[in-house]
Amino acid sequence: MTRLFGTDGVRGLANGLLDAELALKLSQAAAVVLGHRQVADGTRPRAVVARDPRISGEFISAAVCAGLASAGVDVYDAGVLPTPAAAYLVADLGADFGVMISASHNPAPDNGIKFFARGGQKLPDEVEDQIEALLQAEPHRPTGAGVGHIQRFADAEDRYIVHLLTTLPHRLDGLTVVLDCANGAASGCSPQVFKDAGAEVVVIGAEPDGLNINDGVGSTHLEKLQAAVVAHAADLGIAHDGDADRCLAVDHEGTVVDGDQIMAILGVALKEAGQLRDNVLVATVMSNLGLKLALRDAGITTHETAVGDRYVLEEMRAGSYSLGGEQSGHVIFSDYATTGDGVLTGLQLAAQVARTGRPLKELAAVMTRLPQVLINVRGVDKSRVSADDGVAAAVADAVAELGETGRVLLRPSGTEPLVRVMVEASDEATAQAIAERLAGVVQSQLALETA
């Protein structure tokens, strides 16, 4: 049976896989696993519920709140807020768990449900499995005074904004910042917090209508942000995704600054301030080799994890490290957040521009991005990628050819019958040639047999 929970909660087509019935059952199961099993007998658990502005979030949120209250949980409905705001508010309120309804950077017809444990922490697989196992059981159904209340969490956004402002190492007075909110969950709070921090703010992609989230705007579509930064002669631009747990940037010339470059800038800044714990930064295997080289030159050690912010978080928690993230823009400051926070990241990045008086383009030059070529090889048996002798020999030859000037990564897809071949080299032509050569070997060695 296919596992319902994916790498980031339960996600799918709203009113397809993810309908009101499933939302109700998931919340009733979570009420037991994250609520009643964690509190003393006779105590009613408390949960924070938030959503992004896509239209399906309205009925899914109603179903989630109904399921929780029917299972004896007091619900604080925070309305439309970023995912990291929901996680923060779970901890700030001292709630027992939280629910975020969002499909992140996916198009509007999709939606998702993710849960946070006490303290705003993401759930380990085994806890998600416990919730999934209870979907087939009779739900917990108290009566009378045992059912939960549902109340509006009226000051949720204000609490989150105040929290963000307390993290700033330097105000943003004198900066002009363009914000692209992806017509998503940050459309209200991100412009407000940047203004409160002292910046002159130009806003695009902040008119959500329930259907336009991520539609040609946000961190997956940077063209409008690039044009707006240049047109307004802004110092920098910040792009969020639909639920604002990631941040990409654009310098004053309209050049994209990705998550690796952002981590390089902030990692060096934290080290200089004595705030980078153990001088370690946590990144995934997909981060550009240029990041690792730049950090090494700055006296910072890189710890690598599998792809996914949950694995970055696990490594950060295990070592109590203060900074980590992904090339996609999920950046985690463990001193201030329990998950990637795009608004927090954007603030911290802008603060470094203001503090140093140096343009973002100059700050980003701390890292030289090596050319990176990614080829998806389809129609292959991905399970054999790490065991096939022919593939192993081809990889060994490529690694020897690149030496310390590049690297090779072969990674099976988690959802499709394909293998991702990634090659970095000192120049684009070399990376392309080696990637194509390896992709050919993977295709021939691992081809699926046809009847």
Side-chain angles (χ1 to χ4, degrees), residues 52-53 80 82 84-85 104-105 157 160-161 164-165 167-209 212-263 265-266 328-331 340-365:
D52 73 25
V80 174
S104 188
H105 59 279
E157 185 172 278
Y160 176 56
I161 288 174
L164 291 174
L165 291 171
T167 71
L168 273 179
H170 195 283
R171 283 185 57 81
L172 309 185
D173 302 273
L175 288 187
T176 298
V177 181
V178 181
L179 298 176
D180 183 345
C181 299
N183 291 319
S187 295
C189 63
S190 187
Q192 187 61 56
V193 74
F194 273 85
K195 290 174 184 175
D196 289 349
E200 180 179 336
V201 178
V202 178
V203 184
I204 64 174
E207 297 180 354
D209 62 10
N212 62 358
I213 188 169
N214 301 313
D215 186 8
V217 290
S219 60
T220 53
H221 304 279
L222 293 171
E223 298 83 5
K224 290 182 180 179
L225 178 62
Q226 292 172 290
V229 168
V230 174
H232 291 276
D235 295 286
L236 71 156
I238 298 295
H240 305 306
D241 60 337
D243 69 337
D245 65 351
R246 70 172 71 181
C247 164
L248 294 180
V250 170
D251 69 23
H252 72 285
E253 295 181 353
T255 303
V256 174
V257 177
D258 69 12
D260 285 340
Q261 293 166 296
I262 291 171
M263 286 191 288
I265 294 167
L266 297 176
S328 61
H330 287 112
V331 179
D341 189 330
V343 185
L344 172 63
T345 302
L347 281 172
Q348 297 293 322
L349 185 64
Q352 292 308 319
V353 174
R355 183 185 68 83
T356 62
R358 298 165 62 193
L360 178 58
K361 186 178 186 68
E362 185 179 327
L363 293 178

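Small disclaimer: the values here were computed from a predicted structure and weren't measured. Positions are given from 1, in the same order as the sequence printed here.
Atom-to-atom distance recorded for Asp258:CG and Ser219:OG is 12.0 Å, nearest 0.5 angstrom. Atom CG of Asp251 is separated from atom CD of Gln226 by 9.0 Å, given to the nearest 0.5 angstrom. Put simply, CD1 on Ile265 and CG on Asp260 are 11.0 Å apart, with the number rounded to the nearest 0.5 Å. Once rounded to the nearest 0.5 Å, the distance linking CD of Gln352 with CZ of Arg355 reads 4.5 Å. To the nearest 0.5 Å, atoms OG1 (Thr255) and CG (Leu222) are separated by 11.5 Å. Asp196 CG to Ile161 CD1: the interatomic distance, rounded to the nearest 0.5 Å, is 6.5 Å.
When every heavy atom of Pro53 is checked against every heavy atom of Ile213, the shortest pair comes out as CD-CD1, 4.1 Å. Between Ser187 and Ala206, the shortest heavy-atom contact is OG-CA, 3.5 Å. Residue Val230 comes nearest to His252 through the heavy atom pair CG2-O, 4.2 Å, listed as atom of the first residue, atom of the second, then distance. In terms of heavy-atom proximity, Val178 sits nearest to Ala228 at CG1-CB, 3.9 Å. Nearest heavy-atom pair, Phe194 versus Val201, reported as atom, atom and distance to 0.1 Å: CB-CG2, 3.7 Å. Ala351 and Leu168 make their closest contact through CB-CD2, 4.0 Å (heavy atoms, listed as atom of the first residue, atom of the second, distance).
Annotation: side chain of Leu347 is in contact with side chain of Leu172 (closest heavy-atom distance under 4.5 Å). Side-chain contact check for Arg246 versus His105: some heavy-atom pair is nearer than 4.5 Å. When side chains are defined from C-beta on, Pro84 does not count as touching Val343, because their heavy atoms never get closer than 4.5 Å. A heavy-atom distance below 4.5 Å is not found between the side chains of Thr220 and Asp241. The side-chain heavy atoms of Leu349 and Leu360, taken from C-beta on, include a pair separated by under 4.5 Å. Inter-residue side-chain proximity for Asp341 and Leu164 is flagged as met; some heavy-atom pair is nearer than 4.5 Å. Using a 4.5 Å heavy-atom threshold, the side chains of Gln348 and Thr345 count as separate.
With hydrogens and angles disregarded, no donor-acceptor distance shorter than 3.5 Å links the side chain of Glu207 to the backbone of Asn212. Asn183 places no side-chain N or O within donor-acceptor distance of the main-chain N or O of Gly216, the cut-off being under 3.5 Å. With Asp235 contributing its side chain and Thr176 its backbone, the two residues share a donor-acceptor pair below 3.5 Å. Checked by atom type and distance alone, the side chain of Asp180 pairs as donor or acceptor with a backbone atom of Gly218 at under 3.5 Å.
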Audit row: Cys247, Val331, side chain to side chain contact (heavy atoms under 4.5 Å, CB included) steps and yes/no:
CA-CA 8 Å; Cys247 164; Val331 179; over 6 Å; no
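For His240 and Ser190, the side-chain atoms include at least one donor-acceptor pair closer than 3.5 Å.
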